[in-house]
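Written below as structure tokens is the structure these notes are about.
Just follow the structure's listing: the first ligand is 1, and inside any ligand the first atom is 1.
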Amino acid sequence: VVCGGLQWSGLSPVSLGSVLRRNRSLARSLEKVLLSSGSAITEAPQSRSFTGPPPREIFLCCVFQMGHNEEGLQAVDDLIRRYVHSCAWYLGPFYNMVRLFHPDYIKSLLTASANITFKDKIFYGFMKPWLGHCLLLQNGQEWSRHRRLLTPAFHFDILKKYVHIFNQSTNIMHAKWRRLLAEKQNSLDMFEHMSSMTLDSLLKCTFSCDSHCQGKPSEYIAAILELSKLLVQRQHYLPYHWDWLYWRSEPGRRFRKACNIVHQFTAKIVQERRSQLDQQGPAKNRTENLEYTGGYKKKDTDLIDLLLLSKDENGEGLTNEEIQAHADMFMFAGHDTTASALSWIFYNLAMHQDHQERCRAEIRSVLRDGDEHDISWEDLSHLPFTTMCIKESLRLHSPVLALTRYYSQNMKTPGDCIIPQGSLCLISIYGVHRNPEVWPDPEVYDPMRFDPENSHGRSPHAFIPFSAGPRNCIGQNFAMAELKVVVARTLSRFRILPGPKPVRRLYQLVLRAEGGLLLNIETLEESHKE
Ligand code: HEM
């Protein structure tokens, strides 16, 4: 309550921390209050099974360890070293939960049936006004039906057609890079460039829409970026967890305005496509005949068309609202995650020139005709070392750091521990990927960990950037194909070098870097001259 009160006065957790460090007597009073609430928390059922921090440290959990910056992530590293597999924990002064960071402990949770698995309201609920009833936020039967309907849209035959789009979007980004280099700008914020490029690809794959977003700003894209930022802000600022206050606040009003822009954009496309289909009349396989005439022209199907045509076993399709929600979800779930993955892959390769050179040699052997043609779907399976570098980066700098769930029945973990039904579970992808029991020297970037020879005996739940089990990422093959195309095309044209300043990690829905992730680039022709 005291924390909430101080935050009301406009203090973020970080500035609250610095105030408390300066004012020891205020800190002691706060500690007393929290210890008294902490003694209630330690009586919470899960704490009987899971070791938690000693009562005095509950105060620290609540106040100081809410940070999502470099220091906050290093504090998680300490936690993993200390507790090895799991612990009871506290989220601010109000919520308690179980944190899990070992493959053996998360296995039963990730593989549990969707009927007993639920997404919680704190982390996922705030997305509802934007994403509505989409797959990411659904539970139970509703989720199962929609997952069955959406799965064919990610079939390999469909994904193959998107590889051309990935090549095109990468070419547009590289043309921009060349222009910037000509203007002597060689330090680039990878996040900025990767975000607009992945969004460009997604808009083309989802709506066959050429937004030209890599060249000029668009209202729709600005709204998506605004929504992502506002979501993080709301999660971090406790008073805004209260709907009544949030919707009356300035950020709440901005959130609503951005939602309207996004919803109007998708509604228009869905309605246009629906009437196009209705005019065509029934056909067995109409998807091949669809062609969007406005904007980006292509003969192949896009995700919206597939959603419009999908039917379940009872012949029931999705409503316009459901399709809109899924389309909004693809834009959210598919662009920032992939942009984060790419930015960190280039960071790791910049820091390890030997691995970058080995990838380049491999890519050259596959792309014998140099820059002439697209990288093809078939080429992607001939890049084993590049794929290992991508996976190692997804381990060390996973775009999504944690998942939260609760279960409608008690869940068993090794050591006869029970997570009582309804308890909040934080499945730490970051923790599993950096657990020294699973990955020796976890902070070292070593792609050879993913050599098949070195992977024997490793748990399938030791590497989970796309989560695992029934609620894993539906877009993971889409994402892996995009990552490989962008990395291969980029390394075949540019050398990536460390940037001008040290990089500090920052977790905001996806893993980012404070002040952007600056890397230096040079064309290969340029580096050969030297
Ligand atoms: C490197 C890129 C990506 C990463 C690291 C990633 C990671 C994840 C993770 C960890 C989840 C589980 C989330 C949870 O349970 O709360 C997830 C779910 C999901 N992802 Fe991805 N994702 C990526 C790219 C994509 C793309 C490109 C798309 C779509 C085009 C996509 C669509 C989805 C959807 C729809 C879900 C919800 C699935 C369900 O609940 O059934 N993702 N993703």
Counting non-hydrogen protein atoms only, what is the nearest one to [atom]? Give residue, atom name and distance.
| atom | result |
| --- | --- |
| atom 29 (C) of ligand 1 | Phe330 CD2, 3.8 Å |
| atom 37 (C) of ligand 1 | Leu136 CD1, 3.6 Å |
| atom 21 (Fe) of ligand 1 | Cys473 SG, 2.3 Å |
| atom 26 (C) of ligand 1 | Gly334 CA, 3.4 Å |

- Any donor-acceptor N/O pair, Arg458 side chain to Asn454 backbone, under 3.5 Å: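 Such a contact is found between Arg458 side chain and Asn454 backbone.
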May I ask which of [options] has a heavy atom nearer to [atom] than the others do?
| atom | options | result |
| --- | --- | --- |
| atom 33 (C) of ligand 1 | Pro465, Ala333, Ala153 | Ala333 |
| atom 40 (O) of ligand 1 | Met331, Glu482, Arg405, Arg471 | Arg471 |
| atom 23 (C) of ligand 1 | Thr337, Ile429, Ile390, Leu511 | Thr337 |

- In terms of side-chain geometry, is the basic nitrogen of Glu362 or Arg358 positioned less than 4.0 Å from the acidic oxygen of its partner?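 The answer is no: the pair does not qualify as a salt bridge.
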- Message: Check the orientation of Trp344 and Tyr347. Use parallel for under 30°, tilted for 30 to 60°, and perpendicular for over 60°.
- Response: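 Plane angle over 60°, so perpendicular.
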- Task: Looking only at distances, please establish whether an N/O atom of ligand 1 is found under 3.5 Å from an N/O atom of Arg147.
- Result: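 Yes, Arg147 has an N/O under 3.5 Å of an N/O on ligand 1.
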- Message: Would Lys119 count as being in polar contact with ligand 1, using the rule that some N or O on each side must be under 3.5 angstrom apart?
- Response: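 Yes, there is a polar N/O contact under 3.5 Å.
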Going by distance alone, is a donor N or O of one side chain under 3.5 Å from an acceptor N or O of the other, for [X] and [Y]?
| X | Y | value |
| --- | --- | --- |
| Gln421 | Ser408 | no |
| Arg99 | Tyr105 | no |
| Asn320 | Arg274 | yes |

- Task: Examine Arg395 relative to Tyr445 and say whether NZ or CZ is less than 6.0 Å from the centre of the six-membered ring and inside a 45° cone about the ring axis.
- Result: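 Judged by the rule, Arg395 and Tyr445 form no cation-pi pair.
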- Answer yes or no for Arg234 and Tyr240: cation-pi contact, defined as NZ/CZ to six-membered ring centre under 6.0 Å and angle to ring axis within 45°.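 Because its charged atom misses either the 6.0 Å distance or the 45° angle limit, Arg234 does not stack over Tyr240.
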Any idea which part of [X] is under 4.0 Å from ligand 1, heavy-atom wise: side chain, backbone, both or neither?
| X | value |
| --- | --- |
| Met480 | neither |
| Met329 | side chain |
| Leu135 | both |
| Thr404 | neither |

- Item | salt bridge (charged side-chain N to carboxylate O under 4.0 Å, His left out) involving Glu192 - partner list, sequence neighbours excluded |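 With sequence neighbours excluded, Glu192 shows a salt bridge (charged side-chain N to carboxylate O under 4.0 Å, His left out) to no residue whatsoever.
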- Assess whether ring pair (Phe, Tyr, Trp, His ring centres under 6.0 Å) is satisfied between Phe101 and Tyr430, documenting all intermediate values. CA-CA 8 Å; Phe101 24 73; Tyr430 178 89; 9.9 Å; no
- Message: Please list, in number order, the atoms of ligand 1 under 4.0 Å from a heavy atom of Ser467.
- Response: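 In order of numbering, the contacting atoms are 10 (C), 12 (C).
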- Query: With a cut-off of 4.0 Å, which atoms of ligand 1 are near a heavy atom of Phe478?
  - Reply: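 Counting from 1, the qualifying ligand atoms are 27 (C).
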